[in-house]
2 protein chains.
Amino acid sequence: MRLVVARCTVVYAGRLDARLDEAIRLLMVKADGSVLVHADGGSYKPLNWMSPPCVLVEREGVWEVTNKAGEKLEITLHEVMHDTAHELGEDPGLIKDGVEAHLQVLLSERPQVFGEGWTLVRREHPTAIGPVDLLLRDHNGAYVAVEIKRRGEIDGVEQLTRYLDLMNRDPAISPVRGIFAAQEIKPQAKTLAVDRGIECKVFDYDALREIDDGKLRLF
Amino acid sequence: MRLVVARCTVVYAGRLDARLDEAIRLLMVKADGSVLVHADGGSYKPLNWMSPPCVLVEREGVWEVTNKAGEKLEITLHEVMHDTAHELGEDPGLIKDGVEAHLQVLLSERPQVFGEGWTLVRREHPTAIGPVDLLLRDHNGAYVAVEIKRRGEIDGVEQLTRYLDLMNRDPAISPVRGIFAAQEIKPQAKTLAVDRGIECKVFDYDALREIDDGKLRLF
DNA sequence: TGTTGGATCTCGAGC
DNA sequence: GCTCGAGGTCCAACA
């Protein structure tokens, strides 16, 4: 990886046309040939860039980065403040913990955490507009649809509402009520859910995992 | 901006849980406090990051980056290969040219490019499900709704279809027919549009711009 | 191989 | 402040 800090101007012509007027920026050239132009702010997105595979040709203070699709990034260097290269090697990459999926499995295996005598009908219960995370029956045999999120926000409540509207038109399972389950539920989402007669349940993921591991059997 | 190249491990706990096993990476600390962890490949997206506003606390080879929402990025430095800081200053920012908005303005100023004697009713004509890009009347006074995209794909046709369904329920303007206008229209989108009785029109942006500049008056 | 939907989306406009 | 739509969206699962 090559790191260059320089006063530069940039022109991009490709899927759109754009330019960057003269300023000091970080130019990052990765081992795969990709080039990133970063300012000292904003988010993780560069001001401008060229994705691999691409070719960088450098001559007389001008970098010309092109790819097969004919896109072109032209960087004119007016003053170079810093220029270093570094061997980084391969990266093992990001490892994600799939919380929502795992939470769904944990809860489907322990429907009794929702209430005494509750049972699982099925996970990913299909409807015309998509699968409901969990379909349960309570101790009276009444159907309950559960929407599971890691962080409960308004759109999750909306989603569950749509499922409930649809499922309550099906005489085979109607009436179906709803539970919005998450590790954390935003106040706005809770307010909306309660207003719509949807129960909110907050679960501690680590505690559920311990139940799953057989360390706790308190329910 | 501070640039650190180091052998490091990273743990992120926030909107999801993720980790990066030990490897050499670039750590970029921007003036606004944001931190980016880049590998020597991949796309312009960092492997891991924390967006501003956030706070970086450094002690004994461990960086702890936190924000108000309680998200945490923890970077453990095992070996530092490079560590420099640079004054970049404010950035004038990216200037885009040739966006959908400009195309909309150009077409709204030249409704006659759709047909002889056509007039503009209004740009961003409001409907219950959102604004239609252009509402025109043809030489007979019949209403025409225009959806403008840079690249015409299926979802654009779907969007226009929804607008047309809604607008045709309004006796004040019904019947309304549709035109799907873009710089380029995908075959699938064209097929769907034609099937629904929607006319497709492909515009050359540069030619329209020249009309706008007064260099061409051929319509 | 195209297509679809999610994203620690980001970004900007409109309200 | 937020909500909604677009993005050089990117990205991966899936048909």
Side-chain angles (χ1 to χ4, degrees), chain A residues 10-20 34-37 39 41-52 54 65-67 69-73 93-101 129-131 149-151 153-156 158-159 186 188, chain B residues 10-20 34-37 42-52 54 65-73 93-104 123-124 126-133 147-156 158-159 162-163 182-184 186-189 192:
Chain A
V10 182
V11 172
Y12 168 74
R15 278 173 262 190
L16 60 72
D17 297 289
R19 68 174 198 275
L20 287 166
S34 57
V35 178
L36 284 64
V37 181
S43 67
Y44 67 69
K45 199 177 170 186
L47 291 167
N48 224 325
W49 72 94
M50 186 68 83
S51 303
C54 59
V65 193
T66 50
N67 69 7
E71 298 174 72
K72 188 170 120 182
L73 187 69
L94 189 71
I95 300 154
K96 289 185 186 182
D97 293 340
V99 174
E100 182 184 325
I129 53 170
K149 293 286 176 195
R150 187 187 143 75
R151 292 195 173 197
E153 300 186 20
I154 283 193
D155 58 348
E158 295 287 7
Q159 191 180 346
K186 295 272 169 82
Q188 285 188 335
Chain B
V10 183
V11 172
Y12 168 73
R15 279 172 261 191
L16 59 74
D17 295 289
R19 67 174 199 278
L20 288 166
S34 57
V35 178
L36 283 63
V37 182
S43 66
Y44 65 70
K45 198 178 169 184
L47 292 166
N48 224 324
W49 73 93
M50 184 69 80
S51 303
C54 60
V65 193
T66 50
N67 68 7
K68 275 287 179 66
E71 298 174 71
K72 188 171 117 183
L73 186 70
L94 188 71
I95 300 153
K96 290 185 185 181
D97 196 12
V99 288
E100 181 189 324
H102 196 191
L103 194 59
Q104 190 188 101
R123 204 151 72 77
E124 299 284 347
T127 78
I129 54 170
V132 177
D133 290 335
E147 177 64 33
I148 302 167
K149 293 285 176 195
R150 207 166 48 74
R151 282 188 299 175
E153 298 186 22
I154 283 193
D155 58 348
E158 295 287 8
Q159 193 179 344
R162 289 194 296 274
Y163 289 138
Q183 279 189 271
E184 175 199 344
K186 295 273 168 83
Q188 286 191 335
L192 181 65

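Per chain, numbering begins at 1; letters A, B, ... match sequence-line order.
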Non-hydrogen atoms of B:L47 and B:L20 that approach each other most closely: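 Answer, listing the atom of B:L47 first, then B:L20: CB-CD1, 3.8 Å.
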Between OH on residue A:Y44 and CG on residue B:L36, distance to nearest 0.5 Å: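 Those atoms lie 9.5 Å apart.
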Whole-Å distance separating the CG atom of A:L16 from the C1' atom of D:dG7: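 Interatomic distance, CG of A:L16 to C1' of D:dG7: 9 Å.
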side-chain hydrogen bond (donor to acceptor under 3.5 Å, both in side chains) partners of B:T66, counting only residues at least two apart: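 B:T66 satisfies side-chain hydrogen bond (donor to acceptor under 3.5 Å, both in side chains) with no other residue.
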Heavy-atom donor-acceptor pair, B:D133 side chain to B:I148 backbone, under 3.5 Å: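 Yes: the side chain of B:D133 pairs with the backbone of B:I148.
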Pairwise P distance, C:dC11 and D:dC11 [rounded to whole Å]: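 The answer is 15 Å between these two P atoms.
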Would you tabulate the nitrogen or oxygen pairs shorter than 3.5 Å linking the protein to nucleotides 11-15 of chain C?
residue, atom, partner, partner atom, Å
C:dC11, OP1, A:S43, OG, 2.8
C:dC11, OP2, A:S43, OG, 2.8

Shortest side-chain distance from A:R15, nucleotide among D:dA6, D:dC10, C:dT8: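 Among D:dA6, D:dC10, C:dT8, the one nearest the side chain of A:R15 is D:dC10.
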Length of the CD-P vector between B:E147 and D:dA6, whole Å: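 One finds 7 Å between P of D:dA6 and CD of B:E147, rounded.
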Closest non-hydrogen atom pair, A:S34 against A:P52: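 So the two residues come closest at CB-CD, 3.4 Å.
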Qualifying residues under side-chain hydrogen bond (donor to acceptor under 3.5 Å, both in side chains), relative to A:S51, sequence neighbours excluded: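 Residues passing side-chain hydrogen bond (donor to acceptor under 3.5 Å, both in side chains) with A:S51: A:W49.
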Over all atoms of both residues, closest heavy-atom pair of B:V65 and B:M50: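 Closest approach of B:V65 to B:M50, heavy atoms only: O-CE, 3.4 Å.
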B:K45: salt bridge (charged side-chain N to carboxylate O under 4.0 Å, His left out) partners, not counting sequence neighbours: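 Once residues adjacent in sequence are excluded, B:K45 has no partner under the salt bridge (charged side-chain N to carboxylate O under 4.0 Å, His left out) criterion.
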Separation of atom CG in A:L47 from atom C1' in D:dT9, rounded to whole Å: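 Answer to the nearest Å: 16 Å.
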Whole-Å distance separating the CG atom of A:L94 from the P atom of D:dA12: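 So the two atoms are 11 Å apart, to the nearest Å.
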Interatomic distance, B:N48 CG vs C:dC9 P [rounded to whole Å]: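 Atom-to-atom, B:N48 to C:dC9, this comes out as 13 Å.
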Name the pairs: protein N/O against N/O of nucleotides 13-15 of chain D, kept only if under 3.5 Å.
none

d(CG, B:L192; C1', C:dT4) in whole Å: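 Nearest whole value for this atom pair: 16 Å.
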Value in whole Å for how far the C1' atom of D:dG7 lies from CG of A:D17: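 About 16 Å, once rounded to whole Å.
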Side-chain N,O (B:Q159) to OP1/OP2 (D:dA6) below 4.0 Å: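 Yes, B:Q159 has a side-chain N/O under 4.0 Å of OP1/OP2 on D:dA6.
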Length of the line joining B:K68:NZ and D:dG1:P, which is rounded to integer Å: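 So the NZ-P distance, B:K68 to D:dG1, works out to 11 Å.
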Distance-minimising heavy-atom pair for B:K96 and A:A18: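 Closest pair (atom of B:K96, atom of A:A18, distance): CA-CB, 4.2 Å.
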